[in-house]
Structure formats: structure tokens, C-alpha cells
Peer 1: 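Would you mind keeping the following structure in view while I ask a few things?
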Amino acid sequence: MADIRLEGVGHSYDGGTTWALKPMTWTWRTSRAYALLGPSGCGKTTLLNIISGLITPTAGRIFFDDRDVTDVPTAGRNIAQVFQFPVLYEEMSVYDNLAFPLRNRKYPKAEIDQRVRQVSRLLGLDHLLRRRSRRLDPGRQQIVSLGRGLVRSQVAAVLLDEPLTVVDPALKWTLRSKLKEIHRDTGHTLIYVTHDQTEALTFADEVVVLNEGAIVQAGEPAELFLSPSHEFVGHFIGSPGMNMVPAEIVGDVVRVGQADVGSVADGLPPGPVRIGVRPEFVSFTRASPGVAARVTGVDRMGAYDLVHTQVGEHPVIARTTAGSGYRPDAEAFLHFPPDRTFLFRDQVRCGFLAPLDGRSAT
Ligand SMILES: Nc1ncnc2c1ncn2[C@@H]1O[C@H](COP(=O)(O)OP(=O)(O)OP(=O)(O)O)[C@@H](O)[C@H]1O
């Protein structure tokens, strides 16, 4: 196992006209479980294939600890990779498929048996070990592929590219927790690619968010939810995502429309900003002071309500307790709590909202 260090690594498929992956410097630390999260086409698979050696990057160098592996082919990198769809020897038994990566690397027989049985027990494959792989349904075949990726005790990293796509949704939860268990047991460095935030947040020690070929933020799941440093992270994580409302800094006060909503703590220069606040933290106040809004609809979600409002031209959603009683067209006043409300300029967080403490913009 090794730290995997990317130094100025970037990739272009068209000779440098566009970058599928913009040159980046980043270290995947050994033994951590990472989720690489981002929308379709943001460069996740390209990044994974650069680490495994399937793609040689257009720019930069890759190191496993201090060893430069940029020109080392896949076979020399000691990486295990699990793809979106099953990659198995269909005529082999499940046992032989799981044992294959170990036999290939000349592990002792007793260790092979012990590792195969350990992984098969964790993944619920015990009763299928003698079955031919082609006789399994695609979901089970994928679980065997997952097992093949996890069976080796000594690998530089295990790379998983949307590995649960073909697995039954009900099984996904179980498999994710099994993956965590296997991770605790082996201490492998795991990089798990997904565009599904639930998968990323429930699986990873650290979530790396990729957008348009660049890492926009990396952190623990709670950090990304509570403290997004980029508007994209605010939108992409959370359901629904973060509300963004245009505002103005006047002196050291932040105004939305005619309402003073807070002050700036960070000596930010006056001018336009965008306020970001998650629906979970928007609350209603009975009257001013607050931001005047009009209710446009209510989604009753069972355990809670999502109250849709309009502040001027801008939609703002508040998550309230179930049965909130708000009706379309009702007038309302919104409160944005200072400790949970952030300020953004050019999409990047530039500060947070501080209490007004009697200040006013007028
Ligand atoms: N072989 C290729 N030739 C040309 N362009 C490519 C190739 N592979 C990927 N791309 C482009 O590079 C960009 C990044 O693609 P990539 O597959 O890495 O993204 P992704 O985040 O893994 O997407 P998805 O979640 O849809 O798999 C996209 O614009 C894609 O169209």
C-alpha cells in the first residue's frame, strides 16, 4: 500500500484543445476509503484509468510513495480494479474466480483458501462457491467481481468504478456496509467512483467532488454538507440542494431585497454576493425582520414538508416539520441563520453570514 500522488496530472483526448481532466495536484492517502463523486462526464473514469495505468496522462507525473509510475503499465502497478459490469471467467466456479487473482500472484494455497472464504462470507457468497459463474444472475456476478477486486491482501489500491450499478437496490445498502467492513479488515486504499451522493456519503471516509475535470472540494461527508466551499458542492450534495439567493453587501451589512439579513465578519468588500443556505436551515418567522417571500407550493414528503417559496424572482426551499400548514400564495418571512449561511462570489465561498447585532444598512 502506498500514498498515490498526482503532480500536475491532466488529460486531454483531443491533443490539448479541451481537458477531460484539468492538471491537478492531489494525494490519495494510504488506507483511506475515498468516494470520487461528480456528474456524468466530469472526468471520474479518466482519473481512475490514469491511476490504474490504462491511460497515460497528457500532463504530469504519478507517484506511488516515492516511485514514479507514470510510465509503468497496469500490470506493474499492483492495482485491483472493479468495473461497472461483471468481469469474470464464466466457465469457472465462483471459488476459482475469487481465487484467480491470488493464484496468479502465487499466494500460498492455505492463504488463498483463507482469503477466498473470508471474502465470500462477507459478501454472502458462501453457498455459491461451487456454482459456475455464468449460472448466476448479473447482480450476483457483479458481487463476485467485487470479491475478486477485494480478495488480495496486498494491493496499492482498489479502484471501484460505479460497482453497484447492476446490483439490486435493496442489496446495495448491505453491500456498501460489507465494503466498509472489508475496508476495516484489510486497510486497502479504496477509491469508489459514483455519481450518487448517497453512495458517496454513506461509504467514504473522505468524499472528493469532481466537476468539469477539476476537484472542487474534498472532505468528510458532514463537512461537504455543512460547509460547502463551492456553489457546485452546495447544489450537488443535499436533496434538494442548497438555496442560492442574490444579495448585496452594503457597508458591513448583507441585504436581500429590502431586508438586512446579517453582517459580514470577514471584511468583505461591498458589492453583489450570493447567499447559500440549505433548506434544512431556512426557517419561517412570523413577521419582519425576515426576508419577504411568497409560498408557491408544498411537497409533503411524509416525515417532513418541503415548502417552496419565491423571494423576488428567486426560488427558496425550506424543509419544515410535516403538516406545516403553509398554502400556496401565502406571504411569509424567511430567516437565514448566520452560522449556517454562506456567501459566495464567482461560485467560490468568500465568507459567512454573521449576526446583525443591531447593525443596519440604512
Ligand atoms: N476515449 C475517449 N475519447 C474522447 N473523449 C473521451 C473519451 N473518454 C472520455 N471522454 C470525454 O472525457 C470527458 C470525461 O469523461 P469520463 O468518462 O472520464 O467522465 P465520467 O465522470 O467518468 O462520466 P460517466 O459518469 O458518464 O462515466 C467527457 O467529456 C467524455 O466525453
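First listed ligand is number 1; within each ligand, the first listed atom is number 1. All residue numbers refer to positions in the sequence shown, counting from 1. Bear in mind that the values here come from a model prediction, so they are computed numbers and not experimental data.
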Peer 1: Suppose we measure from atom 25 (O) of ligand 1 to each protein heavy atom; which comes out shortest, and what is that distance?
Peer 2: K44 NZ, 2.9 Å
Peer 1: Going by heavy-atom distance to atom 18 (O) of ligand 1, choose the closest among T46, T18, L21, D161.
Peer 2: T46
Peer 1: Which protein heavy atom lies closest to atom 26 (O) of ligand 1, and at what distance to 0.1 Å?
Peer 2: S40 OG, 2.6 Å
Peer 1: To which of S12, G41, G38 does the heavy atom nearest atom 20 (P) of ligand 1 belong?
Peer 2: G41
Peer 1: Are the charged groups of R5 and E7 less than 4.0 angstrom apart, N to O?
Peer 2: yes
Peer 1: Would you confirm whether the ring centroid of Y89 sits within less than 6.0 angstrom of the ring centroid of F100?
Peer 2: yes
Peer 1: List ligand 1 atoms under 4.0 Å from P39, heavy atoms only on the residue side.
Peer 2: 21 (O)
Peer 1: I'd like to check whether H195 has a polar contact with ligand 1, where a contact means an N/O of the residue lying under 3.5 Å from an N/O of the ligand.
Peer 2: no
Peer 1: Salt bridge between R294 and D329, side-chain N to carboxylate O under 4.0 Å?
Peer 2: yes
Peer 1: Taking the six-membered ring of Y95, is NZ or CZ of R130 closer than 6.0 Å to its centre and within 45° of its axis?
Peer 2: yes
Peer 1: Quick one: does A20 get an N or O within less than 3.5 Å of an N or O on ligand 1?
Peer 2: no
Peer 1: Any donor-acceptor pair under 3.5 Å linking the side-chain atoms of Y13 with those of T46?
Peer 2: yes
Peer 1: Taking the basic N atoms (NZ, or NE/NH1/NH2) and the acidic carboxylate oxygens, is any pair closer than 4.0 Å for E90 and R132?
Peer 2: no
Peer 1: For atom 6 (C) of ligand 1, which protein heavy atom lies nearest, and how many Å away is it?
Peer 2: Y13 CD1, 3.4 Å
Peer 1: Among all protein heavy atoms in this structure, tell me which lies nearest to atom 27 (O) of ligand 1, with the distance rounded to 0.1 Å.
Peer 2: T45 OG1, 3.8 Å
